[in-house]
Protein chains: 2
Amino acid sequence: MSTLNPRITAVRTLDLRFPTSRFHIGSDAVNKDPDYSAAYCILETDTGLEGHGLTFTLGRGTELCVMAVNYLSRFLVGRTLSDITANMAAWVQELTGDTQFRWLGPEKGVIHLAAAALVNAVWDLWARAEGKPVWRLLADLSPEQIVACIDFRYITDALTPEEALEILRRNEPTKRDRIAQLLQSGLPAYTTSVGWFGFSDDKIRNLCQQALSEGWTHFKLKVGGDAADDLRRGHIVREEIGWDHKLMVDANQKWDVGQAIDRTRQLAELDLWWMEEPTSPDDILGHRRIRQETNVRIATGEHCQSKVMFKQLLQAEAIDVCQIDSCRVAGVNENLAIILMAAKFGIPVCPHAGGVGLCEYVQHLSAFDFIWAGASLQDRVVEYVDHLHEHFLTPVQIQRGRYMLPQTAGFSIEIYPESLREYEFPSGTYWLSPEAQQTATPK
Amino acid sequence: MSTLNPRITAVRTLDLRFPTSRFHIGSDAVNKDPDYSAAYCILETDTGLEGHGLTFTLGRGTELCVMAVNYLSRFLVGRTLSDITANMAAWVQELTGDTQFRWLGPEKGVIHLAAAALVNAVWDLWARAEGKPVWRLLADLSPEQIVACIDFRYITDALTPEEALEILRRNEPTKRDRIAQLLQSGLPAYTTSVGWFGFSDDKIRNLCQQALSEGWTHFKLKVGGDAADDLRRGHIVREEIGWDHKLMVDANQKWDVGQAIDRTRQLAELDLWWMEEPTSPDDILGHRRIRQETNVRIATGEHCQSKVMFKQLLQAEAIDVCQIDSCRVAGVNENLAIILMAAKFGIPVCPHAGGVGLCEYVQHLSAFDFIWAGASLQDRVVEYVDHLHEHFLTPVQIQRGRYMLPQTAGFSIEIYPESLREYEFPSGTYWLSPEAQQTATPK
């Protein structure tokens, strides 16, 4: 399949932490002081070609993901790329089904975040070996090859391999048109950069004005504080962006179900395009009830641990917007399953992004959705957050509120060696500096 | 509240692994080679009193739980016992809500298993300070004190503090009678030791005969292999135990939903008392469908990650048997919430046990259920597995298939120092022995 078939000889891992909490970047009602971080890995091969991958974290605890990546690297080292890609579903089952290790999940939390870093690194390596960006590699696979990437275990009651194949084959004849459309005008996006929780009213106004001038049409605001304060901040955003643009709010799991219903009803006067994470990300039935009792479109997914949970959110008609995350589940392969399930259930996929590297990742997944699965841009927007892109060799390209697709081979995730040296924790030059020593949260 | 109020000065942690996989102990359709293990912790205090706790694991990956326990110990060290117990719900929220660390869950997998070890260690310390076993400490708390131990976040749509208080107050006048009954005749139990997956037919027959002679009346068999083989092994057990005794089967998450329905219907000819873990532990709606379409009683819980998931299993009427685990959720406090929810929904609690230390732990929780919550022994049985008890200072006491309650102060979980020295991984004397070096699975 590949022109190049490198053998993986080692996996290097790094604990990478950016001190974003110092500027209230990423602050919300629950995540008050995130230091955007990553367990970063580099697959080294006998050809010199590398595969880079990461899983996104918030600072403390990143060391656990690094340790789990180190453990799971045994399922890669010594294998050639085609050993893995020839039957990728079987390989993913090995990676997530280790008979002792799976007790710690299964398929959730630390060990699943770690699996994501490695799975995504394999896709980076594969795409580089093919000389294509990951979205193009996916576009060029056959329906049968795509289905062979998916571990259907525990989801066949919602999507069988035959049903997945049917969706893919139905979209195949028209995929060239959609690829051309993507290359010309990109993927629609929205910005979360205007309304972090820790921002002052003036800062929100200024950021709204700036975003409008850059062409943004969809804006997200963090809520989940004092009720009156949430509404006041919402009206500030509405004053700036007007009522024709879309406004979404995000409570980051702040409320119990009953409270979420009350607060969502109150906020509905802001004409919400969606309410995001109103309660526990694990509460499928709670989301269903909030949706039924508020008539506001409900979105969740960035903390949805696996395809089994997404399956139930769809089966229960609990969500209107499916927010996949490139690292929370086990990388590309599991996301292909989720995207195809969402297509079957007719629910739009609007990926979670931001943090570090998530924007770079998800553009490839949304392109897959448009080319092969949902096959529509209606109600689809990719999250965009304007931080930390400077550390990437091939950062996302945003034009007038749209992601323009990358043309470079790989998964767009490689971080500059200088940035790795500066922000590796705790030994990087930033973390050893007097400034960091004074302000760092304890490890 | 306490006569003694020790201050926690340090938390010692150990990675403890027993080589059970060498004897097929604990083997099932999914967990083929478990090395029963634990992240073990010792709270050291300024009074010399210690609190011991553990979280159960299957071998590889235990190091992740140890590392997470080390991280979370910051929420204990420097505090007095009463600092923690005076408002335990608030303390549990701190432990599980660390603004950066919670990204790795929240409240699931590695970090939640680690929280369990620490929470349970605090209960051990508290009970020792009071000079009582944990079950008696719980029995002697007031309804208000019990409610103050529970973090109701995300479950108020199923159980409010007021409803919990009502259940407790309703049972208070009669609790003395139930305590007397427990002291006299103990808790009913069942044995899983007869039917591990790796056991030969002859071994199963011999173990059934032995268990019958010891007074057991409830037996569990592992299934999830070849369909004909499962049935054949089931009939072997029925031949030995007859049709008046209860037989349960456990598929350990082996099947997809559709397959689980087919296989459960086939196995129903064995007159099943319950079918356990027929599919993914995360599939609430799947369990509901299996229950509805087979008419076999459905049990699950040992892999149920949190009170939010148990809440939904109850709300969805997905289970007939609630199998709490003492370490999978964050210890005693979260289990109090789950037991009270089960009582409200009228579902019997039959704890998961076995492994290492789980039998020692769960007897205290089932006693709480009988004294304060479910207030009945009807359809309640505690799992019993006959391995590794020799390592505990106060192992469970089984008489004629019943758990006789412990009288020693604490949580019954302290392991002999010699056992800790022998089985600490990888530096313990067992793991350094030539025998272990030859047969150990790679770390």
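Labels below follow one simple rule: chain letters A, B, ... track the order of the sequence lines, proteins then strands, and each chain is numbered from 1.
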* To do: Answer yes or no: is there a donor N or O on one side and an acceptor on the other, between the side chain of A/Glu63 and the main chain of A/Gly61, under 3.5 Å?
  => yes
What I want to find out is whether [X] reaches [Y] closely enough, with some N-O distance under 4.0 Å, to be called a salt bridge.
X: A/Glu94; Y: A/Arg74; answer: no
X: A/Arg60; Y: A/Asp35; answer: no
X: A/Asp33; Y: A/Arg22; answer: no

Count the heavy-atom pairs under 4.5 Å between each of [options] and chain B, then report the option with the highest count.
options: A/Val110, A/Asp98, A/Leu285, A/Ile284; value: A/Leu285
options: A/His112, A/Glu302, A/Lys32, A/Gln253; value: A/Gln253
options: A/Gly97, A/Ala158, A/Gly105, A/Gly286; value: A/Gly105
options: A/Met309, A/Arg153, A/Gln259; value: A/Arg153

Go through [options] and name the one with the most non-hydrogen pairs under 4.5 angstrom from chain A.
options: B/Asn31, B/Leu104, B/Asp157; answer: B/Leu104
options: B/Arg328, B/Lys108, B/Gln312; answer: B/Gln312
options: B/Val30, B/Thr279, B/Thr62; answer: B/Val30
options: B/Gly109, B/Gly258, B/Ser280; answer: B/Ser280

Could you look at [X] and say if it's the side chain, the backbone, both or neither that has a heavy atom under 4.5 Å from chain B?
X: A/Arg102; value: both
X: A/Phe152; value: backbone
X: A/Leu64; value: both

* **Sub-4.5 Å side-chain heavy-atom contact between A/Pro106 and A/Ser306** => no
* **chain A contact via B/Ile155 - side chain, backbone, both or neither, heavy atoms under 4.5 Å** => backbone
* To do: Under 4.5 Å heavy-atom distance to chain A, tell me which part of B/Leu113 shows up: side chain, backbone, both or neither.
  => side chain
* Are A/Gln305 and B/Gln305 linked by a side-chain donor-acceptor pair shorter than 3.5 Å? -> yes
* B/Phe18 and B/Tyr423: ring-ring contact (aromatic ring centres under 6.0 Å, His included), yes or no, with the steps? -> CA-CA 6 Å; B/Phe18 298 93; B/Tyr423 293 103; 4.7 Å; yes
* To do: Give a yes/no verdict on a cation-pi contact between A/Arg17 and A/Phe425, requiring under 6.0 Å between NZ or CZ and the six-membered ring centre and an angle within 45° of the axis.
  => yes
* **Mutual orientation of the aromatic rings belonging to A/Tyr71 and A/Phe101 [parallel < 30°, tilted 30-60°, perpendicular > 60°]** => parallel
